[in-house]
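Below is one structure, written out as structure tokens, with a few remarks after it.
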There are 4 protein chains.
Amino acid sequence: MAMTVRQQKIVTVAVRLLAERGIQQLTLKNLAAELKVSEPAIYRHFTGKYAILDAVLDSFAEIAQSVLDELPADTMDPLTGIELFIRDRLERMNANPPLAKVMFSEELFQDDPQLAEKVLSIMHSHKVRTETLILRGQAEGKIRPEIDPTVLFRLIFGPLRLLIKQWGLSGYRFELLAEGMKQWRTIRDLIELPGNRPE
Amino acid sequence: MAMTVRQQKIVTVAVRLLAERGIQQLTLKNLAAELKVSEPAIYRHFTGKYAILDAVLDSFAEIAQSVLDELPADTMDPLTGIELFIRDRLERMNANPPLAKVMFSEELFQDDPQLAEKVLSIMHSHKVRTETLILRGQAEGKIRPEIDPTVLFRLIFGPLRLLIKQWGLSGYRFELLAEGMKQWRTIRDLIELPGNRPE
Amino acid sequence: MAMTVRQQKIVTVAVRLLAERGIQQLTLKNLAAELKVSEPAIYRHFTGKYAILDAVLDSFAEIAQSVLDELPADTMDPLTGIELFIRDRLERMNANPPLAKVMFSEELFQDDPQLAEKVLSIMHSHKVRTETLILRGQAEGKIRPEIDPTVLFRLIFGPLRLLIKQWGLSGYRFELLAEGMKQWRTIRDLIELPGNRPE
Amino acid sequence: MAMTVRQQKIVTVAVRLLAERGIQQLTLKNLAAELKVSEPAIYRHFTGKYAILDAVLDSFAEIAQSVLDELPADTMDPLTGIELFIRDRLERMNANPPLAKVMFSEELFQDDPQLAEKVLSIMHSHKVRTETLILRGQAEGKIRPEIDPTVLFRLIFGPLRLLIKQWGLSGYRFELLAEGMKQWRTIRDLIELPGNRPE
DNA sequence: GATGAATGAGCGTTCATTCAT
DNA sequence: GATGAATGAACGCTCATTCAT
């Protein structure tokens, strides 16, 4: 769990390689070259390639959940909660662009059944947490109750994912944060219960 | 352009391998095993692995555009056009599930610059065509005009992509077509200009 | 022995491929492409690659010996005989430049023991015939008798081979025939018995 | 430039394979078998096959030039210089017979344009250096001035090359050094200016 | 005479990993 | 902590050759 500095460095480089050059180029050779050490040196810090990919996924999971964990989930306004989550997401991608190219590429880990399972569980846990917010929003009369929560989830996060992917494919050529928040406000306006925003 | 029967068979198997086992397992050896021929036999039909991947992308492009091409783009009701496109997409995925796992995995082709470029161009052409429909919908007073068309594009296709991805990751465990159309109707109701629906 | 037109054509192309692109590129695929037929078609005319190389060597042997065979070996002036032979050689190379790059590359056939043996026997027979002329020249008082005939052989044909090799490597950029005859005259003057040329 | 012991060993074996079994059998598999390692092991020491062939050529170049470099080119008697060069050449071949089969087989490297170019440049530099000696010999009245220096070059080195080739093809069955020096003396006597040898 | 399709053997190369130092 | 050297397995690909048509 608690990673050494060296391990974190390796994971960071691995994510960058994954993003910039694809899975096929995420080899120990390239990793070692980027880290300016020999290949066997990496085995000091990880038991093998699988362990590195596992740590990469852990870092994704951490990113995905850190905000949600810190929110006072039970009391905070659900729409504000979702907004904070989205903003946090965008800011993290903005600060570490390679993530944008990689984080939603669940297929990349398809090779190993255990890693694929982990990907699913991360996605699932993320979905559960945000759907809780959505459900509470509907219960509290803040989100249109007639929309299926599952659809709502995809309505909120589908465009976000697509936006981030486009940002990555575009070579980070537009302002992710501004565009992302504009898009969120548009969606929020559409799914918010009329009359919710009296203030 | 005009592929032989054997070539089409190879492409089909390649897509399936890509979907089921990932790019790393899309090897000539596995391809040959699936086709029940030796590896060199494949070189009679394609000049190499690159050519196979290229043909796979061509088949994606064809799928993505066939409906849009057949629509009488200028006269048809834009929302109906989008709906037809979405339905066609869902039906094709339903008929060929491996596609669902692969078609939006643009990263898979990142390894080769030419293929990556092709992926971008397919995405772009798809975006241009649907945005044309969106713009006309706004001009004709059928779609909310205050929403940025680019955001509208992501609002429509982001959830669709996410749905298809979930379907693939779930092992095709829900009714893609029903769920997809339900989702589309929800989105349509949100983006449609009030008063457009005379009923 | 008696080759069909098609067989001769194949041998000619084989020699050209050998000269222009080296042994490694003398493949049935390249051969077939040059001949504008499919690969199996070649098996109509030769039993395999070995047979083709064998025929190539036969064509070399034929070239090397044709003049010597036609000379009235016993009566003709030996130095004139050698000169005719050299001139014939130069003219043949001039007329079919690829030969220049290939004909003295005995190593090329090293791969197959039988072909290597054939190369040696061609060289040997050529050596025997010309040494006969040399010996008679010495016996008739026309060539310096104090020089070892074997050395004389290398003195005459070593420079010729080197000249032809340089011509090939230079891309045929000088006048082979003129340069070759000039060189021969120089050598002839050196090995001729003083007093032999009173006329 | 500075090769490791392992690299030199590989080059030596490569030359031997080249000589004994030809370019077609100079495969990594055979190389590895001779070295008693696995094939990938070789990649620790050379980046690939091209690099090995390149090193082989470098070793040829070194052999060809080492003597000429050490000679006090400007002051030494030209004929003695040529003789030293020839003797050195013969001794090196004698000490490392595979060289005899390979060193003049310029065609072997024809497959790769860069290597072919290197072969030419080695030949050229060798020619330039020896022709300098020849020209000085003519200027100093020690070599017949009426003979074209280019012809003289071929007159000296053509027989030498042919001798070495015959030695290799014969399976090293005669005394290369003795035969070579005898041949050189014969040639020297022919090209030396009468009166140069007062003894 | 010729072809399309196929094949076993072999090619140069890269992979993740191990081990002695 | 780190390295140089090595390895078995696998990669994409080309070879000469065969065979049914």
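Here is the naming used below: chain letters follow the sequence lines, and residue numbers restart at 1 for every chain. Just so it is clear, the structure is predicted and the values come from calculations on it, not from any experiment.
- B/R44 contributes no side-chain N or O that forms a donor-acceptor pair with the base of E/dG4 under 3.5 Å.
- Nucleotide E/dA16 holds its P atom 4 Å from the NZ atom of A/K49, rounded to whole Å.
- When all heavy atoms of B/P113 and B/D111 are compared, the closest pair comes out as CD-O, 3.8 Å.
- Contact annotation: B/H45 does not reach the phosphate of E/dG4 (side-chain N/O to OP1 or OP2, under 4.0 Å).
- Salt bridge status for A/K118 with A/D58: present, with a side-chain N to carboxylate O gap under 4.0 Å.
- Formation of a donor-acceptor pair under 3.5 Å by the D/Q110 side chain with backbone atoms of C/A19 is found in this model.
- With a cut-off of 3.5 Å on both Watson-Crick or G-U wobble distances, the partner of F/dG8 is given as E/dC15.
- Distance from the side chain of C/A41 is smallest for E/dT3 among the nucleotides E/dT3, E/dA16, E/dT13.
- Between the CD1 atom of D/I42 and the P atom of F/dG8 there is a distance of 13 Å, given to the nearest Å.
- In this entry E/dT21 has F/dA2 as its Watson-Crick or G-U wobble partner, both defining distances falling under 3.5 Å.
- Residue contacts shown for B/I52 are absent, as no nucleic acid heavy atom lies under 4.0 Å away.
- Taking the charged nitrogens against the carboxylate oxygens, C/K165 and D/E106 do have a contact shorter than 4.0 Å, which makes a salt bridge.
- Where C/N30 and D/V37 meet DNA chain F, the nucleotide closest to each residue was compared, and D/V37 sits on the side nearer the 5' end.
- At a threshold of 4.0 angstrom between heavy atoms, the contacts of B/L28 are confined to the sugar-phosphate backbone, with no base atom among them.
- When the side-chain nitrogen and oxygen atoms of D/Y43 are compared with OP1 and OP2 of E/dT14, none of them lie within a distance under 4.0 Å.
- The shortest distance between the side-chain N/O atoms of D/R6 and the OP1/OP2 oxygens of F/dG4 is not below 4.0 Å.
- Taking atom CD of B/Q25 as the reference point, atom P of F/dG12 lies 10 Å away to the nearest angstrom.
- E/dT3 atom C1' lies 18 Å from atom NZ of C/K36, rounded to whole Å.
- In this entry the distance linking NZ of B/K29 with P of E/dA9 reads 15 Å, nearest Å.
- Here CG of C/N30 is found 11.0 Å from CD of C/E20. Values are rounded to the nearest 0.5 Å.
- Spacing between atom CG of D/L35 and atom C1' of F/dA5 amounts to 13 Å, rounded to whole angstrom units.
- In this structure, B/L26 places its CG atom 12 Å from C1' of F/dG12, rounding to the nearest Å.
- Toward the 5' end of DNA chain E, the nearer of the two residues A/T47 and D/E39, judged by each one's closest nucleotide, is D/E39.
- When rounded to the nearest whole Å, the span between CG of D/D111 and C1' of F/dT14 equals 13 Å.
- Remark: D/S38 is not in phosphate contact with F/dA6, judged by side-chain N or O atoms under 4.0 Å from OP1 or OP2.
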